[in-house]
Every structure is written in structure tokens, then in C-alpha cells.
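Here, residue 1 is the first one in the sequence, and each next residue gets the next number. Quick note: numbers below take in every heavy atom, side chains included, and nothing from hydrogens, waters or symmetry partners. We count ligands from 1, going down the list as the structure has it; atoms in each ligand are counted the same way.
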Amino acid sequence: MSGYTLYWKANSGSMVIEAALRMIGVAFEEIEVDDTFAPDFRILNPACKVPVLRLATGPVLTESAAILLALDDLFPEDRLLPAHGSAERAKAVQWLIFMSANIYPAILRHYYPQRHTAEDTSAAIGAVRRSAAHDMDRDFRQLASAIGGPLLLGDTLTITDVYAAMLANWYDPAREIPEIGALVNHVLQNEAVAKAWRHHGFRE
Ligand SMILES: N[C@@H](CCC(=O)N[C@@H](CS)C(=O)NCC(=O)O)C(=O)O
């Protein structure tokens, strides 16, 4: 056993971590987390969220972007991201963080609007959803304008592309933006990504 353990849920952000592990080709164990978030999982991540990855050396990591950067550091030759020090890497990391800091939280506000308002009224909940959709439309357009085509950095697949495809899968208007739709189709041609995508029950 390699010592890597991925805590995952269907249709969640653990998809991109499974894709990264498969792209690297390292063996890993998977533990499916249920909606009750059992006490032993809460010790690993008190925020009760996936993905969580236990590294072979012992540390337990949360936060999807941080996990991907750690994996890239551990397996630089597998090129989840371009080479350290390159301009391409700086851009790929910038967009990865842009998505995890802006689009991912907006998607969560869209799916769970009641968690983001103190008022339990349909008007308040509707306002949260509209504001989340507004932010996603703006941020996906900004991302689309940076896509060199078909992928963010042209023809070179990075984990940032997989992250973008994952987020677009959760918001139909994003996939309708031509640059993003083309990126998703291209990303899914990668066998490792397609396997993680199917395993997580994502739409083709
Ligand atoms: N900022 C976190 C967000 C993780 C997150 O919100 N994950 C969702 C699934 S996509 C989750 O576990 N939600 C469980 C819940 O909120 O009940 C990351 O990037 O990893």
C-alpha cells in the first residue's frame, strides 16, 4: 500500500484529487464519507468537508487547491502543473487559486443558499442564489477569456484545467461558454481524469 488515503464523496470536489492521483499513477486507498460525517472523519476535518487526503508521510491535508499543490511538489516529474519557476506555472497556480477562492465558494452559495443567510425566507434564499449566479457568470467569463485553447495553457493539460472542468460541471451556464465547453471536452479525453469523473458520478 502506498499510504495515500483519499476521503471522498460522490459528485464532490474530491473528484479533482482522485484525478490527480490517477494522473500521477500512485496507488491510493479511498474511504467514502457519508452525509453524517462520522466522528473519526470530523477529527480529520472539523469543517466536515471533502476532499481530505492523508499523505504517505502522515500529514492530513484539506482544501482542494492546497492538496493539489502538495501533490505537485511531491511528484514534480508528473507535471500536474508546469515546471517550478516557469511563467506557465505561475499562471496555472493563479487560476487554480482564483477558482478555489471565488468560483468554488459561489457554487456552494448557489447549492446551499440557506447556509448563507440568517433569514429563513424564500426571498432571502432567492437573493443569495441570484448573487451567487451573478458572481459565477462574471468569474467563469473571466476564466474563459484566459483560455489559450483548447486548454488554459494551449495543448498542455494541467490540473488547473481539471479543476475548471469540475466546477463547470456543477453550473450549466458555464459549460455553455464555448471556451469552457471545449476545455471540458478536451479534459475528458484524458483517461485518468475520465475515470475519476465517472467514479464520482459526474455528467459526461
Ligand atoms: N474550500 C474547500 C471546499 C470543500 C467543500 O465545500 N466540499 C463540499 C463538497 S464539494 C463538502 O464537503 N460539503 C459538505 C457539506 O457542506 O455538507 C476546498 O476547496 O476543498
Side-chain angles (χ1 to χ4, degrees), residues 4-24 28-55 59-74 80-81 92-118 120 125 128-129 131-133 135-136 139-140 142-143 152 158-175 180 184 187-188 193 195-203:
Y4 286 86
T5 306
L6 175 63
Y7 294 82
W8 76 286
K9 277 179 83 166
N11 202 26
S12 82
S14 48
M15 195 288 295
V16 71
I17 310 300
E18 180 180 331
L21 291 163
R22 292 193 182 284
M23 286 163 79
I24 292 165
F28 59 98
E29 190 189 339
E30 289 187 290
I31 297 183
E32 191 168 7
V33 176
D34 68 23
D35 287 334
T36 63
F37 295 105
D40 53 344
F41 180 78
R42 286 167 193 257
I43 293 168
L44 299 179
N45 188 5
C48 293
K49 288 182 190 307
V50 289
V52 171
L53 183 70
R54 186 189 292 280
L55 300 182
V60 173
L61 299 182
T62 66
E63 291 300 326
S64 51
I67 296 171
L68 295 172
L69 290 170
L71 285 174
D72 180 65
D73 276 347
L74 287 163
L80 292 179
L81 290 165
V93 171
Q94 177 208 297
W95 287 110
L96 179 63
I97 301 302
F98 174 82
M99 288 188 282
S100 78
N102 297 288
I103 302 183
Y104 201 154
I107 285 173
L108 294 170
R109 280 190 283 129
H110 196 252
Y111 273 95
Y112 306 107
Q114 67 286 355
R115 294 183 184 176
H116 299 275
T117 170
D120 190 15
I125 287 170
V128 172
R129 285 198 100 220
S131 139
D135 290 355
M136 285 190 286
D139 293 345
F140 272 117
Q142 200 179 324
L143 175 69
L152 192 65
T158 73
I159 204 64
T160 303
D161 295 301
V162 184
Y163 204 101
M166 176 177 81
L167 298 185
N169 175 66
W170 289 326
Y171 186 59
D172 286 343
R175 277 184 84 158
I180 301 219
V184 174
V187 161
L188 288 179
V193 178
K195 201 163 179 185
W197 190 273
R198 281 195 302 273
H199 181 226
H200 273 73
F202 279 32
R203 287 173 300 132

Would you mind listing which atoms of ligand 1 come within a distance below 4.0 Å of any non-hydrogen atom of [X]?
X: Leu108; result: 6 (O)
X: Pro51; result: 20 (O)
X: Gly13; result: 10 (S)

Would you mind telling me if ligand 1 is within reach of the side chain of Cys48, the backbone, both or neither, using heavy atoms under 4.0 Å?
backbone
Tyr7 and Phe41 aromatic ring geometry - parallel, tilted or perpendicular at 30°/60° bounds
tilted
Mind checking whether Trp8 and His199 have parallel, tilted or perpendicular rings, split at 30° and 60°?
tilted
Any nitrogen or oxygen of Glu63 lying under 3.5 Å from a nitrogen or oxygen in ligand 1? Just yes or no.
yes
May I ask you to test the Met99-Asp139 pair for a side-chain heavy-atom distance under 4.5 Å?
no
For the residue pair Tyr104 and Ser64, confirm or rule out a side-chain donor-acceptor distance under 3.5 Å.
no
Got the closest protein heavy atom to [atom], with its distance?
atom: atom 16 (O) of ligand 1; result: Arg115 NH1, 2.6 Å
atom: atom 10 (S) of ligand 1; result: Tyr104 OH, 2.9 Å
atom: atom 20 (O) of ligand 1; result: Ser64 N, 2.9 Å
atom: atom 4 (C) of ligand 1; result: Val50 O, 3.4 Å
atom: atom 13 (N) of ligand 1; result: Lys49 CG, 4.1 Å

For Gln94, the side-chain hydrogen bond (donor to acceptor under 3.5 Å, both in side chains) test, sequence neighbours excluded, returns Lys91
For Ser100, is the nearest heavy atom under 4.0 Å from an atom of ligand 1?
no
Taking only non-hydrogen atoms of Tyr112, do any sit less than 4.0 angstrom from ligand 1?
no
Among Val52, Leu44, Val50, find the residue that satisfies the side chain to side chain contact (heavy atoms under 4.5 Å, CB included) test when tested with Thr62.
Val52
Applying ring pair (Phe, Tyr, Trp, His ring centres under 6.0 Å), can you list everything that pairs with Phe202, at least two apart in sequence or on another chain?
Trp170, Trp197
Taking it one step at a time, do Leu69 and Leu81 satisfy side chain to side chain contact (heavy atoms under 4.5 Å, CB included)?
CA-CA 8 Å; Leu69 290 170; Leu81 290 165; 3.7 Å; yes
